[in-house]
Amino acid sequence: MKVAALLATRATRAHRKAWTAVFAALTLTSLLLGAFGLTLVSAWSAHPRVERYAGADLVVAGDQTTRFSAASLGERETVSAGLTERVRIPRTALTVVRGVPGVRAAVADVEFPVGLAGSAATESATESATASATGRPWEAARLASYALRTGRAPQRADEVVVAGGGGPERGGADRVGQRLTLRVGGHDTAYTVVGVADGPRTAVWFTDAEARRLSGHPEALDAIGVVAESGTGAGELAGRVRKALDTAGVTDVGHRADGDPATVRVLTGDDRGEAEFLAAAPARGELLAALGSVAGAVVLVSLLVVSSTIVQALRQRSHELGLLRAVGATPGQLRAAVGREVGRVAAWAALVGAAGAAPAYLGLRALLDARGALPTGLELTLLPPLWLTPLVTAAVTVLVAQAAALIGGARTATARPAEALRERAPGRGRGITGLVLLGVGASAAGTAALQRGATAAAAAGAAAVTMVIACAVLGPWIAEGAMRLLGAPLRLFGPGGRLAAANCAASAHRLGAAITPIVLVTAFAGVQLSGGATLTHAGDAQARQVLRADLAVHADGGLPAGAVERIREVPGVRAATEIVPGTVLLARSQLGAPELERLPVFGVTPEGLTSTLDPGPRSGDLARLRPGTVAVGADRADSLGVRPGSTVTLRFGDGQEARLRVVATYQRSIALGDFLLSRDDLLRHTSLPAASGAGRVLVATAPDADRKAVTNALARAVPGARVEPDPAPVRGEAAEQALAEVVSVAVVGAVGGFTVIAVLSTLALIATGRRPELRLLRLAGAGRGQLRRMLRLEAAATVVTGLVVGAAVASVPLLAFSMATTGTLPYLPPAQAAVIVSVVVATAAAGSLPPVWGTLRGRYPR
């Protein structure tokens with residue numbers, strides 16, 4: 001051990017420049033792992049914010065989780081998914097809860113959208129004629145301790161209380177005595193403001209009876225807020241309420257699938273927010289899954305980059321290590337010496353990176369918030385002990401470095417003393433390993449070609465990572481083949497080109513080490529950026545093809561009753577279709593494992609559908625779309641094996657299951673989603689009242705109609721509505737799209753940072769190790785200009801080879817993914833491609849030339 005310690009101490013001092021590159025790579029590894037680790041644990045401990053139930057000790061609400069079980073590898077496996085639409089509970093639960101000992105008050109709560117109706121006939125057709133608000137019963141205000149500022153509580157059906165911020169603003173809506181015309185469920189009704197209370201600006205409170213009527217589901221509740229008697233603990237009372245509900249047999253409203261229990265939940269503490277912010281819990285699961293995959297990718301990439309950097313640092317000392325082996329140093333002593341060297345560097349680097357993890361985490365949080373990747377109400381929290389997570393990831397960084405050192409020093413340490421000074425060619429085992437990894441990557445790409453959605457994306461990402469590792473293993477052979485192709489063009493650049501060609505051909509293993517990080521960033525960034533860009537590009541193209549409408553009409557609080565019929569009667573209107581966005585869940589077994597896939601969908605009215613939308617019908621008749629039926633995208637229909645006349649089982653956003661008969665299939669499913677439903681079917685399973693005109697009406701005008709006259713006529717026919725002269729394309733977007741974009745940016749940024757360090761360090765180490773060679777060339781008569789040209793051409797050959805191989809590696813999984821999901825070629829925005837190339841070129845130039853400038857200065861070599 002003393003020998004190993006002595007060797008490590010002396011070597012660390014003698015090779016500071018070589019270890020500087022390793023230090024930088026390990027610092028970045030520790031920083032990124034710490035930042036993602038903090039984000040991961042904060043997502044694990046995240047919870048929805050508690051606002052309107054802050055004054056309740058516990059909340060009784062529906063189960064916002066759906067479950068699906070299937071046999072996998074002989075065992076029963078269950079998966080679950082959060083529901084983003086309100087799962088309601090029966091009103092009878094209120095009586096049960098009020099009868100529980102220890103309950104001082106049990107308050108029923110419902111929520112529904114409210115719009116402040118106006119007359120669009122006197123306004124510009126593009127101005128807002130309504131303001132959006134939320135209606136609730138006044139008694140529920142006590143659950144958040146909202147108190148009256150002035151006035152009194154509503155006592156009659158035509159009285160309301162508005163929030164102190166003004167509520168729905170229209171000329172001072174917060175003044176007591178003002179008359180408001182509110183729109184709920186498509187109906188306009190006049191109300192008198194009798195009070196002003198604390199609370200969110202968009203809140204409007206009604207009498208309990210009026211709120212029950214306006215909610216659209218008088219026999220169901222959104223939630224029950226429970227206040228405990230003095231001296232009764234929340235945990236004890238929750239147990240009593242749970243037992244009373246179970247004894248009474250109270251379950252959620254609606255038909256759940258077999259094996260998906262419809263139990264009513266009793267929420268306490270931070271869990272109370274789940275009854276208010278419905279999207280928070282599903283988003284938390286998606287965030288955990290995304291961050292977990294990112295952390296795994298960062299670990300793999302860091303292991304590859306750190307290993308490459310350490311191997312290159314040790315390769316510069318191969319003769320020194322070989323000499324030690326030849327003079328009697330044992331393999332154990334060499335391993336221990338290298339391990340101690342790397343351990344010292346890694347420990348300091350890991351601590352420096354851990355110190356920067358917290359600021360990086362805060363930056364990632366800011367990016368998530370700025371891009372709207374997290375839903376309203378989800379609080380990412382970090383308990384004090386969790387701030388120590390970077391220390392754990394620092395330990396992981398040290399382990400990664402030690403593993404890389406073991407790999408890097410294994411060959412020299414195990415060589416026989418007589419062979420230690422001789423540089424050996426790559427072995428056959430390495431070549432076989434690389435070919436096997438290429439085969440595995442190609443198989444993963446084949447899997448991506450056969451799958452859809454997240455499964456295809458995951459398979460494409462796995463294929464890219466595997467093939468990049470294969471290229472790292474096969475680096476010397478790739479470099480040798482590339483130099484055979486580039487040798488002739490290089491020789492055209494005179495003596496410097498001939499020197500570059502000779503050097504590249506003679507040092508294929510060295511060039512292979514430099515090519516690997518370039519292949520890494522090109523392939524990884526290409527797959528990450530191009531995958532999402534291909535879907536977005538194809539979806540935008542389809543969305544433009546789908547839309548046939550000339551105008552769109554919509555209103556906050558819903559269009560008034562009969563609005564679609566009145567729109568169709570306006571002179572110059574050829575067809576009108578109401579379209580409502582939503583989500584469904586598809587439960588099925590995928591590769592033997594159960595899967596719940598959340599999909600964006602639209603609900604439509606079928607009358608005149610093909611005049612306002614062009615889904616690209618393939619079979620069946622879209623005009624037959626009625627409640628109980630569904631139209632299916634062609635690709636999804638093929639994967640499910642259905643056609644017109646078949647049935648499809650779907651779960652709506654509130655967890656209720658339905659068997660729907662297929663009436664048609666269509667082509668443009670990227671824009672419209674995989675399923676088109678009846679508007680009435682979809683609205684019955686949303687948090688909105690079933691009678692609400694919640695979507696927008698697409699209007700196709702007659703060819704000879706005056707567009708401006710039709711716009712004005714629509715504003716008069718539907719008071720309070722907004723008329724869009726140029727409607728936005730119809731596009732169904734997955735709820736997690738913003739999160740996926742942020743994750744892609746984070747992954748590409750992390751890989752880009754690793755690559756910059758890896759390329760710089762690898763090329764700098766190579767250049768530093770070539771100083772004796774450059775001195776010898778100068779002594780042999782080579783001019784400084786010739787050597788500079790040689791170095792530039794070598795760097796260019798490295799960049800070209802890395803970019804070409806990286807693009808080839810990325811193209812395999814990308815082609816499989818894009819053909820499976822969009823049926824088009826992969827797409828990468830030119831600006832992003834230019835950034836990748838520019839970063840690689842600039843980094844290669846910075847790593848190749850500056851380290852040898854001193855050797856090339858002056859008349860005489862130094």
Side-chain angles (χ1 to χ4, degrees), residues 52-53 56-67 82-113 134-140 142-143 184-185 206-228 237-268 271-272 274-276 278 281 651-658 680-692:
R52 36 181 242 228
Y53 298 125
D57 294 294
L58 54 94
V59 177
V60 179
D63 187 359
Q64 292 291 147
T65 302
T66 185
R67 302 163 187 84
L83 299 171
T84 55
E85 299 292 349
R86 175 74 63 184
V87 178
R88 298 187 174 90
I89 58 177
R91 186 168 285 272
T92 54
L94 185 62
T95 304
V96 174
V97 174
R98 284 174 174 169
V100 174
V103 173
R104 186 175 70 176
V107 181
D109 189 23
V110 293
E111 182 184 20
F112 47 90
T134 301
R136 297 178 65 211
W138 169 247
E139 189 179 357
R142 65 184 292 191
L143 297 176
V184 181
F206 300 79
T207 63
D208 294 344
E210 182 70 357
R212 178 177 180 177
R213 181 185 71 84
L214 295 176
S215 68
H217 44 85
E219 299 306 318
L221 301 174
D222 288 359
I224 301 172
V226 181
V227 181
L237 184 59
R240 295 178 190 172
V241 172
R242 173 80 275 160
K243 183 177 180 181
L245 292 170
D246 291 341
T247 302
V250 177
T251 61
D252 295 342
V253 172
H255 172 68
R256 291 278 195 126
D258 294 339
D260 186 15
T263 57
V264 175
R265 296 180 301 165
V266 181
L267 307 173
T268 60
D271 292 340
R272 292 171 298 169
E274 294 181 13
E276 181 177 358
L278 303 183
R651 300 187 187 192
F652 289 95
D654 61 354
Q656 297 189 39
E657 187 178 67
D680 296 334
D681 257 355
L682 189 60
L683 278 182
R684 273 196 289 270
H685 300 281
T686 67
S687 301
L688 304 171
S692 171

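Computed from a prediction, not measured in an experiment: that's the story for all the values here.
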Participant: Taking the side chain as every heavy atom from C-beta outward, state whether Leu221 and Val253 have any pair of such atoms under 4.5 Å apart.
Facilitator: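 Not in contact.
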Participant: Would a distance-only check, ignoring hydrogens and angles, find a side-chain to backbone donor-acceptor pair under 3.5 Å from Gln64 to Val87?
Facilitator: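 It does hold such a pair.
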Participant: For the CG atom of Leu267 and the CD1 atom of Ile224, what is their distance to the nearest 0.5 Å?
Facilitator: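 It is 11.5 Å, given to the nearest 0.5 Å.
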Participant: Identify the two heavy atoms, one from Glu85 and one from Thr686, that lie closest to each other, and give their separation to 0.1 Å.
Facilitator: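 Residues Glu85 and Thr686, closest heavy atoms: OE1-CA, 3.3 Å.
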Participant: How close do Leu237 and Pro101 get, heavy atom to heavy atom, and via which atoms?
Facilitator: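 Minimum heavy-atom contact is CD1-O, 3.6 Å.
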Participant: How close do Ala93 and Val250 get, heavy atom to heavy atom, and via which atoms?
Facilitator: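 Closest heavy-atom pair between Ala93 and Val250: CB-CG1, 3.8 Å.
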Participant: Report yes if the side chains of Val60 and Val264 come closer than 4.5 Å at any heavy-atom pair, otherwise no.
Facilitator: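 A side-chain contact exists here, since the closest heavy-atom pair is under 4.5 Å.
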Participant: Taking only residues two or more places apart in sequence or in another chain, which ones pass side chain to side chain donor-acceptor pair (under 3.5 Å) with Arg52?
Facilitator: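 Result, side chain to side chain donor-acceptor pair (under 3.5 Å) vs Arg52: Asp109, Glu111.
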Participant: Sequence neighbours excluded, which residues qualify as side-chain contact (heavy atoms from CB on, under 4.5 Å) partners of Ala211?
Facilitator: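 Applying side-chain contact (heavy atoms from CB on, under 4.5 Å) to Ala211 gives Val110, Phe112, Pro137, Phe206.
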Participant: List in chain and number order the residues that pass side-chain contact (heavy atoms from CB on, under 4.5 Å) with Thr251, two or more places apart in sequence or in another chain; answer none if no residue qualifies.
Facilitator: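 Result, side-chain contact (heavy atoms from CB on, under 4.5 Å) vs Thr251: Ala262.
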Participant: Which heavy atom of Arg142 sits nearest to which heavy atom of Val107, and what is that distance?
Facilitator: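 Between these two residues, the closest heavy atoms are CD-CG2, 3.9 Å.
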Participant: Who are the side-chain contact (heavy atoms from CB on, under 4.5 Å) partners of Pro261, not counting sequence neighbours?
Facilitator: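 In terms of side-chain contact (heavy atoms from CB on, under 4.5 Å), with neighbours along the sequence ignored, Pro261 is linked to Arg67, Thr263.
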Participant: Excluding sequence neighbours, so at least two apart, what forms salt bridge (Lys or Arg N to Asp or Glu O under 4.0 Å) with Asp271?
Facilitator: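 Per chain and number, Asp271 pairs via salt bridge (Lys or Arg N to Asp or Glu O under 4.0 Å) with no residue.
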Participant: Which heavy atom of Ile89 sits nearest a heavy atom of Ala61, and at what distance?
Facilitator: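 Looks like CG2-C, 3.7 Å.
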Participant: Taking atom CZ of Arg240 as the centre, report whether more than 12 heavy atoms of other residues, nucleotides or ligands fall under 6.0 Å from it.
Facilitator: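 Yes, CZ of Arg240 has more than 12 neighbouring heavy atoms, counting only those of other groups under 6.0 Å.
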Participant: Check salt bridge (Lys or Arg N to Asp or Glu O under 4.0 Å) between Glu210 and all other residues, then give those that pass, not counting sequence neighbours.
Facilitator: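 For Glu210, the residues satisfying salt bridge (Lys or Arg N to Asp or Glu O under 4.0 Å) (neighbours in sequence not counted) are Arg213.
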Participant: My understanding is that only residues two or more places apart in sequence, or in another chain, count here; which of them pass side chain to side chain donor-acceptor pair (under 3.5 Å) with Arg104?
Facilitator: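 Testing Arg104 for side chain to side chain donor-acceptor pair (under 3.5 Å), a comparison that skips the adjacent residues, returns none.
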Participant: The criterion is side chain to side chain donor-acceptor pair (under 3.5 Å); which residues satisfy it with Glu657, sequence neighbours excluded?
Facilitator: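 Scan of Glu657 (side chain to side chain donor-acceptor pair (under 3.5 Å), adjacent residues dropped) gives none.
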Participant: Could you check whether any side-chain heavy atom of Arg88 comes within less than 4.5 Å of a side-chain heavy atom of His217, counting everything from C-beta outward?
Facilitator: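 Counting from C-beta outward, Arg88 and His217 do come under 4.5 Å.
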Participant: Start with the C-alpha gap between Thr268 and Leu58, add the side-chain angles, then the distance that decides, and say whether side chain to side chain contact (heavy atoms under 4.5 Å, CB included) holds.
Facilitator: CA-CA 5 Å; Thr268 60; Leu58 54 94; 3.8 Å; yes
Participant: Salt bridge (Lys or Arg N to Asp or Glu O under 4.0 Å) with Arg98: which residues, sequence neighbours excluded?
Facilitator: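 Arg98 satisfies salt bridge (Lys or Arg N to Asp or Glu O under 4.0 Å) with no residue once adjacent residues are dropped.
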Participant: Would you say Arg265's side chain and Val59's backbone share a donor-acceptor pair under 3.5 angstrom?
Facilitator: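 A pair under 3.5 Å: no.
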Participant: What residues, two or more places apart in sequence or in another chain, satisfy salt bridge (Lys or Arg N to Asp or Glu O under 4.0 Å) together with Arg256?
Facilitator: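 Salt bridge (Lys or Arg N to Asp or Glu O under 4.0 Å) list for Arg256, sorted by chain: Asp252, Asp260.
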Participant: Sequence neighbours left out, what passes ring-ring contact (aromatic ring centres under 6.0 Å, His included) with Phe652? Give chain and number order.
Facilitator: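 Applying ring-ring contact (aromatic ring centres under 6.0 Å, His included) to Phe652 gives His685.
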Participant: Do you know which two heavy atoms are closest between Ala257 and Arg651, and how far apart they sit?
Facilitator: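 Here Ala257 and Arg651 meet closest at CB-NH2, 3.5 Å.
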Participant: Do the charged groups of Arg684 and Asp680 touch, with an N to O distance under 4.0 Å?
Facilitator: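 The answer is no: the pair does not qualify as a salt bridge.
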Participant: Mind checking what makes side chain to side chain donor-acceptor pair (under 3.5 Å) contact with Glu276, not counting sequence neighbours?
Facilitator: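 Side chain to side chain donor-acceptor pair (under 3.5 Å) list for Glu276, sorted by chain: empty.
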Participant: Would you mind reporting whether Asp57 and Val226 have side-chain heavy atoms less than 4.5 Å apart?
Facilitator: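 Of all side-chain heavy-atom pairs linking Asp57 with Val226, none is under 4.5 Å.
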